Chemist: 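Quick one: the structure is below, questions incoming.
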Amino acid sequence: MQRETLKSDKTVHGHCKSHEYNSWLHIKRICYNKNHHQYKYHGGCGIEVDASWRDNFTQFLKDMGVAPEGTVIARIDLESDFAPGNCQWIPRKEHYCQIHFLKRKEFFISQTLPKPVVTNCEINVSPNIIRAIVKAHANGEANMNKLATQYQISTQDAINIILHHA
């Protein structure tokens with residue numbers, strides 16, 4: 001009897017094994033778990049889960065509804081967050097096309113990066129900050145705006161540091 005009471009107290013929504021619940025967990029993992037293999041395409045690019053969904057599966061389910069069979073969650077605007085109005089359930093095959101697009105985009109960008117705007121001596125940043133930025137980038141942080149803000153330098157300086165030192 002006590003075990004049943006504990007179980008009913010923990011299960012608020014009754015969807016803990018559902019596709020929707022697993023999708024909700026998945027978007028949080030790819031946005032916040034730096035060890036997740038898809039983090040660099042989502043959280044590493046500054047993509048987040050909307051505050052109204054982050055810790056509230058019930059709100060997520062209310063906004064998204066039940067997923068049709070064979071669908072996965074996807075962002076409409078790939079540059080924006082997982083948020084109400086920017087997410088939809090799409091067929092799994094379409095989602096794979098989005099993933100391949102992101103990977104092709106990453107390959108294209110890596111093959112066409114511009115030459116650094118300034119030389120090493122023109123970046124007026126301490127060696128400790130340079131090392132910290134390179135280390136953060138090597139550990140999966142791809143959001144240059146975030147690095148620039150964190151170390152109080154310009155975004156262009158952050159980009160140049162990565163291009164020169166990574």
Side-chain angles (χ1 to χ4, degrees), residues 16 19-64 72-90 92 94-166:
C16 64
H19 176 58
E20 295 79 12
Y21 186 74
N22 287 322
S23 297
W24 176 69
L25 290 176
H26 178 72
I27 65 174
K28 294 193 323 173
R29 284 185 199 116
I30 64 177
C31 289
Y32 302 111
N33 181 352
K34 291 183 180 182
N35 295 321
H36 195 283
H37 69 279
Q38 292 180 353
Y39 174 81
K40 66 181 176 179
Y41 302 113
H42 303 284
C45 296
I47 302 299
E48 295 186 351
V49 177
D50 186 79
S52 67
W53 287 359
R54 197 169 301 132
D55 298 314
N56 189 341
F57 171 72
T58 305
Q59 186 61 48
F60 169 83
L61 185 60
K62 181 180 174 186
D63 292 337
M64 288 300 299
V72 295
I73 190 167
R75 289 173 289 135
I76 296 166
D77 176 0
L78 298 178
E79 304 294 323
S80 295
D81 293 339
F82 286 98
N86 191 45
C87 290
Q88 61 184 346
W89 298 110
I90 65 170
R92 190 174 304 277
E94 282 183 38
H95 184 62
Y96 288 138
C97 291
Q98 280 186 353
I99 291 170
H100 293 301
F101 170 76
L102 289 173
K103 289 181 179 177
R104 283 194 311 270
K105 182 178 172 185
E106 176 189 40
F107 174 77
F108 178 75
I109 289 171
S110 69
Q111 298 302 312
T112 60
L113 280 173
K115 297 294 179 219
V117 175
V118 296
T119 63
N120 250 357
C121 60
E122 293 173 339
I123 298 175
N124 189 18
V125 177
S126 78
N128 290 340
I129 290 178
I130 291 173
R131 279 191 293 276
I133 289 172
V134 169
K135 182 178 179 183
H137 184 68
N139 288 334
E141 182 57 66
N143 186 333
M144 292 296 117
N145 291 328
K146 184 176 178 180
L147 287 172
T149 301
Q150 181 178 349
Y151 293 101
Q152 299 177 341
I153 61 173
S154 72
T155 303
Q156 189 60 54
D157 280 349
I159 292 168
N160 284 327
I161 288 168
I162 296 305
L163 291 174
H164 277 293
H165 300 280

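Numbers here simply count residues along the sequence, with the first being 1. A quick note: this is a predicted structure, and the numbers were derived from the prediction, not measured.
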Chemist: Y32 side chain to V49 main-chain N or O, any donor-acceptor pair under 3.5 Å?
Modeler: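 Indeed, once roles are kept as given, a pair shorter than 3.5 Å links the two residues.
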Chemist: Report yes if the distance between the aromatic ring centroids of H26 and H36 is under 6.0 Å, otherwise no.
Modeler: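 So the answer is yes for these two rings.
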Chemist: Using modelled atom types only, decide if a donor and an acceptor are shared between the side chain of W53 and the backbone of P84 within a distance under 3.5 Å.
Modeler: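 No, W53 side chain to P84 backbone: no donor-acceptor pair under 3.5 Å.
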Chemist: So which heavy atom on I30 is nearest to which on F82, and how close?
Modeler: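 Looks like CD1-CZ, 3.9 Å.
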Chemist: Report yes if some heavy atom in the side chain of K62 is under 4.5 Å from a heavy atom in the side chain of T58; otherwise report no.
Modeler: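 No - every pair of side-chain heavy atoms lies 4.5 Å or more apart.
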Chemist: Drop me the distance from I27's CD1 to I73's CD1, to the nearest 0.5 angstrom.
Modeler: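 Output value for this atom pair is 4.5 Å.
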Chemist: Should the pair F60 and W89 be assigned to parallel (<30°), tilted (30 to 60°) or perpendicular (>60°) ring geometry?
Modeler: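 Correct class here is perpendicular.
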Chemist: Using the side chain to side chain donor-acceptor pair (under 3.5 Å) criterion, which residues pair with T149? Sequence neighbours excluded.
Modeler: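 Partners of T149 under the side chain to side chain donor-acceptor pair (under 3.5 Å) test: none.
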Chemist: Check whether any side-chain heavy atom of L147 lies under 4.5 Å from a side-chain heavy atom of I161, and answer yes or no.
Modeler: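 They are not in side-chain contact.
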Chemist: Using the side chain to side chain contact (heavy atoms under 4.5 Å, CB included) rule, take Q88 and I76 through it: C-alpha gap first, then chi angles, then the decisive distance, then the call.
Modeler: CA-CA 7 Å; Q88 61 184 346; I76 296 166; 3.8 Å; yes
Chemist: Residues two or more places apart in sequence or in another chain: which of them pass side chain to side chain donor-acceptor pair (under 3.5 Å) with R131?
Modeler: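 For R131 the side chain to side chain donor-acceptor pair (under 3.5 Å) partners, ignoring immediate neighbours, are N128.
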Chemist: For N33 and Y39, which heavy atoms make the closest approach, and how far apart are they?
Modeler: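 The answer is O-CB, 3.3 Å.
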Chemist: Should E20 and F57 count as side-chain neighbours, where that means a heavy-atom distance under 4.5 Å?
Modeler: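 Contact flag for E20/F57 side chains = yes.
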Chemist: Does some side-chain heavy atom of R75 sit less than 4.5 Å from a side-chain heavy atom of S80?
Modeler: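 Heavy-atom side-chain distance check fails, nothing below 4.5 Å.
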Chemist: Is a donor on one side and an acceptor on the other found under 3.5 Å between the side chain of D81 and the backbone of D50?
Modeler: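 No.
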Chemist: Do the non-hydrogen side-chain atoms of M144 and H137 ever get within less than 4.5 Å of each other?
Modeler: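 A side-chain contact exists here, since the closest heavy-atom pair is under 4.5 Å.
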Chemist: If you define the side chain from C-beta out and look only at heavy atoms, does anything of Y151 sit under 4.5 Å from V125?
Modeler: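 Of all side-chain heavy-atom pairs linking V125 with Y151, none is under 4.5 Å.
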